[in-house]
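Atom set for the values below is all heavy atoms of this structure, side chains included, hydrogens, waters and symmetry mates excluded.
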Amino acid sequence: MRFYEILNKDKKRFPNKIPFDDMMRIIDELPDQEAYVSTKSMELLGSTYIPRSSGAKQAAPLITLDRITRDVRLRIERQRNYRPLVLGDDETLAEPTFYSIFDNNVLAIMRNSGSSPGASSFREYINKLNIISDGIELIPLVDRDALRALREVKTLTKLHVAVGPDVSADVFGEGNMIAELLRPARRKLGNVGIEMSIRIAPKGQESESEIAFRDIEALANSDAIGFVDKAEIWYRRMEDGRAASFDLLQEAVAQSVDVDLDDESNQPTVLSVAQGLAAAYEDLYEEIRSALHATS
């Protein structure tokens with residue numbers, strides 16, 4: 001689970017709390033066909049959940065965005081015996097991600113998998129339906145002093161980056177190595193999750209290492225860090241030349257959450273997700289406040 005701040009289209013803070021109840025009401029009242037929204041990367045379906053009293057555990061209201069797949073290319077397997085997965089009329093595959101908004105317009109996102117909707121999908125869904133006047137932008141809540149953790153890097157030897165299917169290469173900026181690798185992959189493979197690993201020989205390729213490090217440094221200190229699923233580097237240390245590694249996402253305000261699974265669908269139960277989001281927000285409250293202060 002990761003946390004973001006919701007800003008206006010000019011990337012400035014809203015003067016007041018975004019009316020989450022009104023957002024949910026608008027989505028809930030949409031006719032069925034209008035609740036399906038096609039973005040550049042996937043088709044999305046929005047729904048809402050308002051928890052009833054759940055006893056001692058707090059539960060957060062939710063917007064759920066499902067990634068809708070109509071052209072199913074999967075098959076069912078049992079001990080190397082296969083049969084096609086055939087959907088009934090008007091049936092689709094739906095892969096959910098859960099969203100909730102807390103104080104100071106903090107958005108919490110719990111993804112079901114690396115191929116489910118992410119932060120970009122929420123922004124595009126809300127903006128396409130014009131739910132918030134003039135639209136929204138998102139920035140990840142991270143430690144804005146990530147440069148301090150990168151200062152010990154002498155020579156970059158490997159980097160590993162993963163992005164979800166809804167992430168555009170444009171978020172990394174023009175001329176960025178990650179964007180230049182992602183664009184042709186998107187053209188050939190379409191909107192799928194992509195992982196890339198790049199190895200650089202520790203000797204004799206200082207210019208390549210420096211170029212890659214500058215791009216990773218820019219990633220760590222930009223909004224793009226909020227749109228990657230993995231960002232790890234391996235390097236030689238400045239102090240003694242020894243090998244070391246660093247996970248850039250440890251700078252993000254994030255937390256793993258255990259949820260209950262439905263026996264039939266093997267998907268998270270909505271109530272356990274609502275409780276998990278509320279608990280994670282309480283657990284990370286001080287880190288969230290610190291990150292908000294760092295971006296002010």
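Between the T269 side chain and the D262 main chain, no donor and acceptor come within less than 3.5 Å of each other. A donor-acceptor pair under 3.5 Å links the side-chain atoms of D166 to the main chain of S121, judged by distance alone. Checked by atom type and distance alone, the side chain of D28 never pairs as donor or acceptor with a backbone atom of T48 at under 3.5 Å. Using a distance-only test at 3.5 Å, with no hydrogens or angles considered, no donor-acceptor pair links the side chain of K158 to the main chain of S197. Between the side chain of S100 and the main chain of P61, a donor-acceptor pair closer than 3.5 Å is present. A donor-acceptor pair under 3.5 Å is absent between the side-chain atoms of N105 and the main chain of L7, judged by distance alone. Between the T39 side chain and the M42 main chain, a donor and an acceptor come within less than 3.5 Å of each other. Between the R13 side chain and the N104 main chain, no donor and acceptor come within less than 3.5 Å of each other. No donor-acceptor distance shorter than 3.5 angstrom exists from the side chain of R186 to the backbone of L181, with no hydrogens or angles considered. Judged by distance alone, with hydrogens and angles left aside, the side-chain atoms of Y49 form no donor-acceptor pair with the main-chain N or O of V270 at under 3.5 Å.
With contacts defined as side-chain heavy-atom distances shorter than 4.5 Å, the pair L248/E232 does not qualify. Contact of the P96 side chain with the L65 side chain is not registered, since no non-hydrogen atoms from C-beta on lie closer than 4.5 Å. With a 4.5 Å cut-off on side-chain heavy atoms, I63 and Y125 do not count as touching. L129 is listed as a side-chain neighbour of L30, based on a closest heavy-atom distance under 4.5 Å. Using a 4.5 Å cut-off on side-chain heavy atoms (C-beta onward), R187 and P184 make contact. Side-chain contact between M177 and I211: absent, with no pair of heavy atoms (C-beta onward) separated by less than 4.5 Å. In this structure, E239 and E152 have side chains that are not in contact, with every pair of non-hydrogen atoms separated by 4.5 Å or more. No side-chain heavy atom of E180 sits under 4.5 Å from any side-chain heavy atom of F172.
Surrounding CD of E77 are more than 12 heavy atoms belonging to other residues, nucleotides or ligands, all under 6.0 Å away. Atom CG of D32 sits in a sparse spot, with 12 or fewer heavy atoms from other residues, nucleotides or ligands closer than 6.0 Å. The environment of CZ in R70 is crowded: more than 12 heavy-atom neighbours from other residues, nucleotides or ligands sit within 6.0 Å. Other residues, nucleotides and ligands place no more than 12 heavy atoms under 6.0 Å from the CD1 atom of I50. Within 6.0 Å of CG on D258 lie no more than 12 heavy atoms contributed by other residues, nucleotides or ligands. For K154, the NZ atom counts as loosely surrounded, since its 6.0 Å shell holds 12 or fewer non-hydrogen atoms of other residues, nucleotides or ligands.
The CG atom of L62 sits 9.5 Å away from the CG atom of L271 when rounded to the nearest 0.5 Å. Taking OH of Y99 as the start and OH of Y4 as the end, the distance is 9.0 Å to the nearest 0.5 Å. Summarising the geometry, atom CH2 belonging to W234 is positioned 8.5 Å from atom CG belonging to L159; distances are rounded to the nearest 0.5 Å. Here CZ of R199 is found 11.0 Å from NE2 of H160. Values are rounded to the nearest 0.5 Å. With values rounded to the nearest 0.5 angstrom, Y235 atom OH is found 10.0 Å from L156 atom CG. Taking CG of L138 as the start and CD1 of I109 as the end, the distance is 6.5 Å to the nearest 0.5 Å.
Under a 4.0 Å N-O distance rule, the pair K9/E137 qualifies as a salt bridge.
A continuous path of ILVMFWY side-chain contacts below 4.5 Å connects V37 to M23, so both sit in one hydrophobic cluster. Linking Ile, Leu, Val, Met, Phe, Trp and Tyr residues whenever their side-chain heavy atoms come within less than 4.5 Å places I76 and L74 in a single cluster. The cluster map of Ile, Leu, Val, Met, Phe, Trp and Tyr, joined by side-chain heavy atoms under 4.5 Å apart, puts L292 and F20 in different clusters. Residue M110 is grouped with residue I288 when hydrophobic side chains (ILVMFWY) are merged at heavy-atom distances under 4.5 angstrom, including chains of intermediate members. Under the 4.5 Å side-chain contact rule for hydrophobic residues, F14 and I131 share a cluster.
Alongside Y36, the hydrophobic cluster contains L45, I68 (criterion: ILVMFWY side chains under 4.5 Å).
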Derivation of the side chain to side chain contact (heavy atoms under 4.5 Å, CB included) call for D170 and R183: CA-CA 9 Å; D170 295 339; R183 285 193 179 94; 3.1 Å; yes
Intermediate values then yes/no, side chain to side chain contact (heavy atoms under 4.5 Å, CB included), L182 and M196: CA-CA 9 Å; L182 189 57; M196 57 185 81; 4.3 Å; yes
Test side chain to side chain contact (heavy atoms under 4.5 Å, CB included) applied to K128 and L44, step by step: CA-CA 11 Å; K128 277 219 166 188; L44 302 167; over 6 Å; no
Evaluation steps, side chain to side chain contact (heavy atoms under 4.5 Å, CB included), between E95 and T69: CA-CA 8 Å; E95 190 171 9; T69 303; over 6 Å; no
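Counting all heavy atoms, side chain and backbone alike, L107 lies closest to I101 at CD1-CG1, 4.0 Å. The shortest heavy-atom contact between R2 and V228 is NH1-O, 2.6 Å. Looking at every heavy atom in both residues, A212 comes nearest to I200 through CB-CD1, 3.7 Å. The nearest pair of heavy atoms linking S41 to P165 is CB-O, 3.4 Å. Closest of all the heavy-atom pairs between G241 and R236 is O-CD, 3.2 Å. Closest approach of G118 and R111 over heavy atoms only: CA-NE, 4.1 Å.
Relative ring orientation between F3 and F102 is described as tilted, the plane-to-plane angle lying within the 30° to 60° band.
Just one residue in the list I126, I139, I132, I18 forms a side chain to side chain contact (heavy atoms under 4.5 Å, CB included) with I6, and that residue is I18.
A donor-acceptor contact under 3.5 angstrom links the side chains of S116 and T97, judged on distance only.
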